[in-house]
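Here is the structure we will look at, set down as structure tokens.
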Amino acid sequence: MNPNIHSILDAMDAIEAAKYLLGAELIREIDGKLLRVRIVETEAYHQSDAASHSYHGRTPRTDVMFGSAGHLYVYFTYGMHYCCNVVVGREGYGAAVLLRAAEPLEGQTHMQQLRDKDGIALTNGPAKLCQALQIDKVLNGHDLAKNPCKLLLRDPLPLDQIVQTTRIGISKARDEPWRFYIRDNPYVSHT
DNA sequence: TGCCTGATGTTCT
DNA sequence: GAACATCAGGCAC
């Protein structure tokens, strides 16, 4: 049974949650096919973070980020890519954890078809992950306790398996060490 | 291996 | 009208 992800994530700030989500599984169901991945890389974003979408306040776009924890915040970027975040923290505070990379556990064949790629390139980047799991704006605001996209929390990883570094792919607040990944995992996008 | 660039939509100023 | 939490392909070294 999936524990209540809403109450667990509601009680965490983005940084705690970014660490906690490492090792968690994302289960996506598409046309009866099951795709399952293990999250291996995350980034924390919150309201007092200049690189966060919520930094400039609540707008129609960032609305779900300010909503209740345990929901999916999907946004479109660079004209061609989606990225997905897990909303965390209490309602009314704009915080989320960007899912940057994951390790396929089940349904690789279907992911290959969606991505037209194979191997590491399947899910080793935020937009790649979304493509492999067919996550787009339709799922923006989706409740991760429900099908067709569920978050399955796992026991927190031992701290010596988690690497904490500065974030990548952004221009603001580059120096904040709010990126986390699982040590020695080949699917981590950049080390 | 590593830099540079093009593709391209949505949001906010 | 510019910025953007990106990716993949091309070319130089």
Side-chain angles (χ1 to χ4, degrees), chain A residues 9 12-22 24 26 37 39-67 69 71-89 93-104 108 111-142 144 149 151 162-182 185-191:
Chain A
L9 296 174
M12 291 187 179
D13 64 39
I15 293 170
E16 277 180 282
K19 286 187 275 192
Y20 189 67
L21 288 174
L22 289 176
L26 206 55
V37 300
I39 298 166
V40 301
E41 184 181 351
T42 58
E43 279 179 9
Y45 288 90
H46 56 81
Q47 216 173 313
S48 45
D49 169 8
S52 170
H53 288 169
S54 59
Y55 183 67
H56 298 287
R58 196 165 183 162
T59 67
R61 179 203 198 186
T62 60
D63 200 49
V64 294
M65 223 175 145
F66 289 81
H71 290 245
L72 204 56
Y73 169 46
V74 183
Y75 66 89
F76 194 82
T77 190
Y78 292 101
M80 38 184 13
H81 297 296
Y82 291 103
C83 295
C84 63
N85 302 242
V86 177
V87 177
V88 302
Y93 185 80
V97 174
L98 170 67
L99 306 183
R100 287 198 56 90
E103 175 182 358
Q108 277 102 330
M111 292 183 209
Q112 282 166 20
Q113 289 167 6
L114 286 167
R115 284 272 304 132
D116 199 26
K117 295 280 183 229
D118 200 356
I120 301 291
L122 220 45
T123 51
N124 69 339
K128 301 179 191 181
L129 178 62
C130 283
Q131 196 183 354
L133 296 181
Q134 209 176 89
I135 291 173
D136 58 27
K137 62 183 177 186
V138 173
L139 283 175
N140 189 30
H142 173 74
L144 285 167
C149 187
L151 181 67
I162 297 177
V163 182
Q164 176 170 11
T165 66
T166 51
R167 293 175 297 184
I168 54 182
I170 55 174
S171 51
K172 296 168 196 156
R174 284 171 194 261
D175 298 331
E176 305 293 355
W178 295 331
R179 172 172 170 250
F180 303 89
Y181 60 89
I182 298 181
N185 189 288
Y187 286 92
V188 170
S189 61
H190 184 265
T191 55

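As a basis for the values below, the full set of heavy atoms in this structure was taken, side chains included, without hydrogen atoms, waters or symmetry mates. The sequence lines fix the lettering, A, B, ..., with proteins before strands; numbering per chain opens at 1.
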Can you check whether [Y]'s main-chain N or O pairs, donor with acceptor, with [X]'s side chain at less than 3.5 Å?
| X | Y | value |
| --- | --- | --- |
| R115(A) | L122(A) | yes |
| Q47(A) | G94(A) | yes |
| T123(A) | A102(A) | yes |
| N85(A) | V87(A) | no |

Respond yes when some side-chain nitrogen or oxygen of [X] is under 4.0 Å from OP1 or OP2 of [N], and no when none is.
| X | N | result |
| --- | --- | --- |
| S171(A) | dC4(C) | yes |
| K117(A) | dG9(C) | yes |
| K172(A) | dC4(C) | yes |

- [ ] Go through dA5(C), dT11(B), dT6(C) for me and flag the one nearest to the Y73(A) side chain.
- [x]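 Nearest nucleotide to the side chain: dA5(C).
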Open item on the list: Please compare A121(A) and I170(A) by the position of their nearest nucleotide in DNA chain C and report the one closer to 5'.
Closed with: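 Its nearest nucleotide being more 5', the pick is I170(A).
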Identify each atom pair where a protein N or O and an N or O of nucleotides 8-10 of chain B are less than 3.5 Å apart, giving names and distance.
from	atom 1	to	atom 2	distance (Å)
dT8(B)	O2	Y78(A)	O	2.6
dG9(B)	O4'	G79(A)	O	3.3

Rounded to whole angstrom units, what separation is found between the [atom1] atom of [X] and the [atom2] atom of [N]?
| X | N | atom1 | atom2 | answer |
| --- | --- | --- | --- | --- |
| Y75(A) | dC12(B) | OH | P | 14 Å |
| E41(A) | dA5(C) | CD | P | 16 Å |
| L122(A) | dA8(C) | CG | P | 11 Å |
| M65(A) | dC12(B) | CE | P | 13 Å |
| Q131(A) | dT6(C) | CD | P | 15 Å |
| R115(A) | dT6(C) | CZ | C1' | 11 Å |
| H81(A) | dA7(B) | NE2 | P | 13 Å |
| D49(A) | dA5(C) | CG | P | 10 Å |

- [ ] Might you work through the salt bridge (Lys or Arg N to Asp or Glu O under 4.0 Å) test for R167(A) and E176(A), ending with a clear yes or no?
- [x] CA-CA 7 Å; R167(A) 293 175 297 184; E176(A) 305 293 355; over 6 Å; no
Open item on the list: So L144(A) and C149(A), do their side chains get closer than 4.5 Å, heavy atoms only?
Closed with: yes
Open item on the list: If you define the side chain from C-beta out and look only at heavy atoms, does anything of I39(A) sit under 4.5 Å from L151(A)?
Closed with: yes
Open item on the list: Just to verify, which of I182(A), N124(A), V37(A), N185(A) counts as forming a side chain to side chain contact (heavy atoms under 4.5 Å, CB included) with E103(A)?
Closed with: N185(A)
TODO: Hunt down any stem DNA chain B takes part in, defined as 3 or more consecutive Watson-Crick or G-U pairs whose two distances are each under 3.5 Å.
DONE: B:1-7 with C:6-12, B:9-12 with C:1-4
- [ ] Return the orientation label for the H46(A) and Y93(A) ring planes: parallel under 30°, perpendicular over 60°, tilted otherwise.
- [x] parallel
Open item on the list: What's H53(A) touching, base or sugar-phosphate or nothing? Going by heavy atoms closer than 4.0 Å.
Closed with: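 Base contact - H53(A) has a heavy atom under 4.0 Å of at least one base atom.
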Open item on the list: Taking any heavy-atom pair under 4.0 Å as a contact, classify A51(A): base, sugar-phosphate, or nothing.
Closed with: base
Open item on the list: Please check if the number of heavy atoms outside R174(A) that lie under 6.0 Å from its CZ is greater than 12.
Closed with: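 Check fails, neighbour count at 12 or below.
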